[in-house]
Amino acid sequence: MEDVSSRRVTDLLQKCVKLEDNDRDIQPKEEIIEVQALPVLTSPYQPVQEEISMVFNACPVPANLGPCTRRRREKGSGHDGTSTSLYVDRRKSKVWNYYTKLGDAYVECNVCKKQLSFHNSTTTMREHLVRKHSIRDTLLSQLKEDQVSDPDYIAQESAIKRARQLTTENSGQYHAMSCTEPRTDVILELVLEMIFRDLHPLSVVKDKGFGLLIGYLEPSFILPSPVQLSSMLWHRYNMVKQHLEHYLQTAQSIVISAEFWLSHPNQVYLTIMTNFIDGEWRRARCILETQQVHENKVESNLGDRLYSVLTDFGLSNKSVFCVMHDSQQALETNLLPLKSVYGWTSLCCAAHLLHLCVQVGLEVEQVQEALSTARSIVCYFQQDAKATCSLNSKLEAINKTKLKLVADTGARWITTIEMCECLLDLKWAIMSVLEEHPKGTTVVQNLADHQWKLLQDLVPVMRTLKIATSFLREEQNVSISSVMPCIHGIVTAIGQQSEEASGVIKTVVSNIRSELTQRWGILDDEKLLESPAVVASFLDPRFKEVRFLSPGLRSELHKKIKSMLSQFFNHQSPGSTQFWMPNTDYKAEVGEPGNQLSAHKERGPSGQSQSMYDILLGKDPTESMPEIHQQLENYIVEPLCKRSTNPLDWWKNNEHRFPSVARLARQYLAIPATVVPPDQAFASSESALEHRRGVLAPENLDQILFLHQNFDFLESMRNGNENLSKNAHSQY
């Protein structure tokens, strides 16, 4: 047995030497495999969904490929950067990048050197990576299984591995060569993802602490330079942008959001986003571009900027339904050309308008004096350590240690109510501390009794406004369809609260109600009928009764919707496929087959058949009604949905019943209530991501924000498409 083993080892060593003489770095055999997706779904969005899936499963930049392999894959790319074919390693699944094969029955983990049994399956190997090393689907989902194997190559590689294990002198060097390269590339890709997922500057790789951490976890890893990361960032950006362009082509119409924001050096930036509802009734919100703008030209050329970005993504200006913005100056003057030049309707962010209304309401002199004194009290306790210690001691005595003073910021009105609520909760403790510290009364003035009473009366009014923001934050209420019912509720509720309040509070409420009424045109019937928010409320199955309108105005709205549906009908060319289907769900039978009266027909003067019921009751108005109008009537009499219902889910399940109305709903429900997500729009403080966004370098800011928003979104679309595919398979 020893002689046989010795001869076998000798043969393997000789074979290894010959192989290394021919090629010092043996490359795995490869072949070009065309990417073809199975036609599981028949949706018109299927080709684009397949391309989105390629971003994460078979795109030109997988996380585990080395520079040599990446260059070989780029050779198969077209002139525009799209990959027409993918190089796939024939010999193994991509999970093998984490393992070394030891013979036919064992494998060794390159991370922890643990040996596992191998039975022609990678399941155990994957579970080990996830359980022991937290290498989860974030990486493995990008590494598609390839069941095609090359026995010759596996035999050669196995022989080389065994020979290297027997060569004790150079075993460490060979082992590093065999496993370091793919792991290094994985770490490099994860560093890049950390940058755009958490909004870090590229210079983070030069930070000493980050270098120490990586050096401890992976001593052989060489940190990339910011220039190298910038090149990788651009590559990933172009890849995702290409697939996003194809995805945007499926949108029936899009809503553009324009957010103006300040970086920490007080540089103005403009982030342009697109919103639409895709074919599966999923709400899409994607960042298109972030631009640096000059302060004196913030909104003057907004239309030109938007047009340029649309052209860059291959979108027509006719595909834009409306533009949402958060700028007061733009609302008043600079967005007027958008309607005349480009035909775009402009809307202002609901969070911004609500902030302006509250700001006007609080401008009452007595309120401003009380709020100014309250701010000085909070500031005093934040700056005086002794006073803070005394206050904390008193809070411990009354078991209110969880309560903390909140500083008011003028940019966020929600902080005003939080400051007032905290002061009222800690009123007696604050007054006691100020009396015990003689310096306190000289440095800061305490609130007078009437000011404490004023704050106490002001809080219920402000709390109603805060409840409205909580309503708009909910997932099912992010559309503009929820705005008008919410605003109408605010006007009614605060009006009732002020009936028995003091004169100052009545003035505050009157100012807020006046601003709300004016900015949303509540008392202007013509403006209400033209408001996209009102139309969207009607197309929301929860608010389609539009109770905030008078009966006469409600009837006018129905006529307006009929006219809009007729325009859709007339725009369909004779040879094109209509977007509605014959609606038979609500055509009731005239009678049972055995009923002779219902079956009996007579010829009228015009030669048309006429039933006995027509003679008795007159002609059925629904028979001469166009199909689209009948759909509208059926939708109007449909029962209301619960307030917790997501309108997109409802339309997804009922689109086949009201296809023409559904097309209109897809257009209007895509309009968001706020430019940025509601959690950010109504937040009481700046989020960590907003802070990090403000310190990014201008040269990489656009790409980082683009990937931060769109990478996860495309991944969620991919996961949703996979679930759809599974459901489609399960039906057969």
Side-chain angles (χ1 to χ4, degrees), residues 25 56 59-71 73 94-100 108-114 125-126 128-143 171-237 239-240 688-689 691-701 703-709 711-712 715:
D25 185 14
F56 302 92
C59 271
V61 192
N64 64 325
L65 292 183
C68 297
T69 312
R70 189 180 292 111
R71 284 195 295 270
R73 295 185 63 166
K94 299 302 181 180
V95 77
W96 284 99
N97 289 310
Y98 298 92
Y99 288 92
T100 300
E108 182 182 78
C109 176
N110 294 336
V111 182
C112 64
K113 313 306 178 189
K114 182 177 180 179
M125 299 159 64
R126 288 177 178 270
H128 173 76
L129 291 177
V130 173
R131 185 174 62 255
K132 297 296 183 181
H133 306 299
S134 298
I135 301 178
R136 300 184 181 277
D137 291 341
T138 305
L139 293 175
L140 297 181
S141 64
Q142 303 179 35
L143 312 179
S171 60
Q173 178 183 356
Y174 284 131
H175 182 76
M177 292 174 60
S178 65
C179 67
T180 303
E181 182 180 353
R183 179 173 170 82
T184 298
D185 289 330
V186 169
I187 296 175
L188 189 60
E189 293 293 336
L190 288 177
V191 170
L192 180 65
E193 288 202 13
M194 180 196 72
I195 286 174
F196 69 74
R197 287 184 183 276
D198 300 333
L199 300 185
H200 289 297
L202 298 184
S203 59
V204 69
V205 295
K206 300 174 65 176
D207 294 343
K208 185 176 181 180
F210 183 77
L212 291 173
L213 174 63
I214 296 296
Y216 176 78
L217 297 176
E218 192 70 20
S220 61
F221 180 75
I222 300 176
L223 285 171
S225 65
V227 175
Q228 182 182 356
L229 281 176
S230 179
S231 177
M232 296 175 59
L233 186 69
W234 269 100
H235 189 85
R236 182 74 68 92
Y237 167 79
M239 177 190 67
V240 177
L689 292 180
H691 175 75
R692 294 175 183 176
R693 175 182 69 173
V695 298
L696 293 175
E699 56 268 20
N700 302 116
L701 185 143
Q703 293 76 40
I704 292 177
L705 291 183
F706 180 90
L707 291 172
H708 173 77
Q709 173 66 28
F711 192 85
D712 283 339
E715 187 175 14

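All values below were derived from every heavy atom in this structure, side-chain atoms included, with hydrogens, water molecules and symmetry-related copies excluded. Remember, it's a predicted structure, so these values are computed and weren't measured experimentally.
- Using the six-membered ring where Trp is involved, Tyr99 and His128 have ring planes that are tilted, between 30° and 60° apart.
- In this structure, His200 and Met194 have side chains that are in contact, with non-hydrogen atoms separated by less than 4.5 Å.
- In this structure, CG on Leu202 lies 10.5 Å from CE on Met232, to the nearest 0.5 angstrom.
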Inset, instruction - Kindly determine whether Asp712 and Arg197 satisfy side chain to side chain contact (heavy atoms under 4.5 Å, CB included), including the steps that lead there. - result: CA-CA 9 Å; Asp712 283 339; Arg197 287 184 183 276; 2.4 Å; yes
For residues 203-210, run the donor-acceptor check on the side chains, cut-off 3.5 Å, and write out each pair with its distance to 0.1 Å, sequence neighbours left out.
none

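- Residues His708 and Asp198 fail the side-chain proximity criterion, which asks for heavy atoms closer than 4.5 Å.
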Legend entry - Audit row: Arg183, Val111, side chain to side chain contact (heavy atoms under 4.5 Å, CB included) steps and yes/no: CA-CA 9 Å; Arg183 179 173 170 82; Val111 182; 3.6 Å; yes
Inset, instruction - Step by step, work out the side chain to side chain contact (heavy atoms under 4.5 Å, CB included) result for Gln228 and Ser231. - result: CA-CA 5 Å; Gln228 182 182 356; Ser231 177; 5.8 Å; no
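- With rounding to the nearest 0.5 Å, the separation of CZ in Arg236 from CG in Leu229 is 11.5 Å.
- If you take CD1 on Ile704 and CG on Leu233, they are separated by 5.5 Å, rounding to the nearest 0.5 Å.
- One finds the OG atom of Ser220 at 7.0 Å from the CD1 atom of Ile187 (value rounded to the nearest 0.5 Å).
- For the pair Arg693 (side chain) and Leu705 (backbone), a donor-acceptor distance under 3.5 Å is absent.
- Here the shortest heavy-atom pairing between Leu223 and Gly211 reads CD1-CA, 3.6 Å.
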Inset, instruction - Given side chain to side chain contact (heavy atoms under 4.5 Å, CB included), test Tyr98 with Met125 step by step and report yes or no. - result: CA-CA 9 Å; Tyr98 298 92; Met125 299 159 64; over 6 Å; no
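- Remark: Ile222 CD1 is loosely packed, at most 12 non-hydrogen atoms of other residues, nucleotides or ligands lying under 6.0 Å away.
- Taking CD1 from Ile195 and CG from Leu190, the interatomic distance works out to 11.5 Å, rounded to the nearest 0.5 Å.
- Annotation: the span from Leu696 atom CG to Gln703 atom CD amounts to 11.0 Å, rounded to 0.5 Å.
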